[in-house]
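Okay, structure first, notes after.
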Amino acid sequence: MPDQAPTEDAQFVDTTAGEAPRFTPRGEPMITGINRIGLWSLYMKEVRRFLKVQTQTIWAPAVTTLLFLVIFSVALGRGGREVLGVPFSSFVAPGLIVMGMMQNAFANSSFSLLSGKIQGTIIDLLMPPLSEGELMTGIIAAAVTRAVMVGGAVSLAMVLWPGVNLGIAAPWAIIWFGLMGAIMLALMGLLTSIWSEKFDHNAAITNFVIAPLSLLSGTFYVIDNLAEVFQLVSRANPFFYVISGFRYGFLGESDIGVGAAPVVTAAIGLGVFNLLFAILVYRVLKSGWKIKD
């Protein structure tokens, strides 16, 4: 038979008469809406990555956080000292739980893209048919999952520690502030992962941004003990609202303000902050800065 010139997109469309096309024409997406299979696969990949070394990623943070409780309880909690009407150990325990959750959410998401850039496997995340929103959602969801697991492990260690009473006063505050804190740090970790070019950059953000904001957020004290200037600085720290709101869920008291109204206001504010932060991170990821250039 004589050769025939191929028609446009012949390699994609079967032009046999009477039959429906077998392939989508060039330029038309084959996957519309949310790529649920791809999103779930990315999420499971990220979860399995940290579960393979769960001794380091789940249980080690619980032991480290428990050491904080032991040290500060021995140093400051003797003599029946009370803060917000409860023993010092019960006061500091909720803050340590959510601090561990936030730090590990950051650690998980800040490693995802950075490891790919350093090892040369970033293409494995960019080539699959995943949108920027799906890529971001999968990484953030895995980081929140790790945060919840760490929070559960730390809570178990706290419950078993003598002198700690983790009664639940407002379950909604525990869930909301715990999730908002984990999402906030997961977003911060993803942005750090996009910006970083080596592990030193990641460590710099951890040591000079995350650690100071965590330790100076009212985890071990109430901000009423500070001078007015430092109280204002503390109230400008979003970590403060996460930790104080999470503590309110256990104790029914916080240093955000008197009663439940200030806590509800802080909860709404954190939600709005995370929404705006997520939009920023999405725009940076979509631009391809430091990833596709």
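Numbers for residues simply follow the sequence, beginning at 1.
- Residue R146 is tested with V47, L51, T57 for a side-chain contact (heavy atoms from CB on, under 4.5 Å); the sole match is T57.
- E134 places no side-chain N or O within 3.5 Å of a backbone atom of L39 that could act as its donor or acceptor partner.
- In this structure, a donor-acceptor pair under 3.5 Å is present between the side chains of D255 and S244.
- Between L276 and V272, some side-chain heavy-atom pair lies under the 4.5 Å cut-off.
- A donor-acceptor contact shorter than 3.5 Å links the side chain of N274 to the backbone of M180.
- For the ring pair (Phe, Tyr, Trp, His ring centres under 6.0 Å) condition, no pair includes a residue of residues 172-194, sequence neighbours left out.
- A heavy-atom distance below 4.5 Å is found between the side chains of L215 and F220.
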Requested in this report: Starting from the C-alpha separation in whole Å, work towards a yes-or-no answer on side-chain contact (heavy atoms from CB on, under 4.5 Å) for N202 and F106.
Outcome: CA-CA 10 Å; N202 191 354; F106 176 86; 3.8 Å; yes
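- Counting only heavy atoms from C-beta outward, the side chains of S254 and R247 never approach each other to under 4.5 Å.
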Query raised in the report: Please walk me through it: do M102 and I243 pass side-chain contact (heavy atoms from CB on, under 4.5 Å)?
Result: CA-CA 10 Å; M102 291 192 296; I243 290 175; 4.1 Å; yes
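- Side chain of S196 to main chain of S193: no donor-acceptor pair is present (N/O by atom type, distance under 3.5 Å, no hydrogens or angles).
- The number of heavy atoms from other shown groups lying within 6.0 Å of CZ (F230) does not exceed 12.
- Sorted by first then second residue, the side chain to side chain donor-acceptor pair (under 3.5 Å) pairs that include residues 40-50, not counting sequence neighbours, are Y43-T145, E46-R49, E46-S112, R49-S112.
- A cation-pi arrangement is absent between R235 and F240, since the terminal nitrogen or guanidinium carbon is not both under 6.0 Å from the aromatic centre and inside a 45° cone about the axis.
- Between K117 and E197 there is no salt bridge, since no side-chain N of the basic residue sits under 4.0 Å from a carboxylate O of the acidic one.
- A donor-acceptor pair is defined here as one N or O able to donate and one able to accept, closer than 3.5 Å; such a pair exists between the side chain of N104 and the backbone of G100.
- Linking ILVMFWY side-chain heavy atoms closer than 4.5 Å, directly or via other members, places L114 and W195 in two distinct hydrophobic clusters.
- Atom CD1 of I37 is surrounded by 12 or fewer heavy atoms from other residues, nucleotides or ligands within 6.0 Å.
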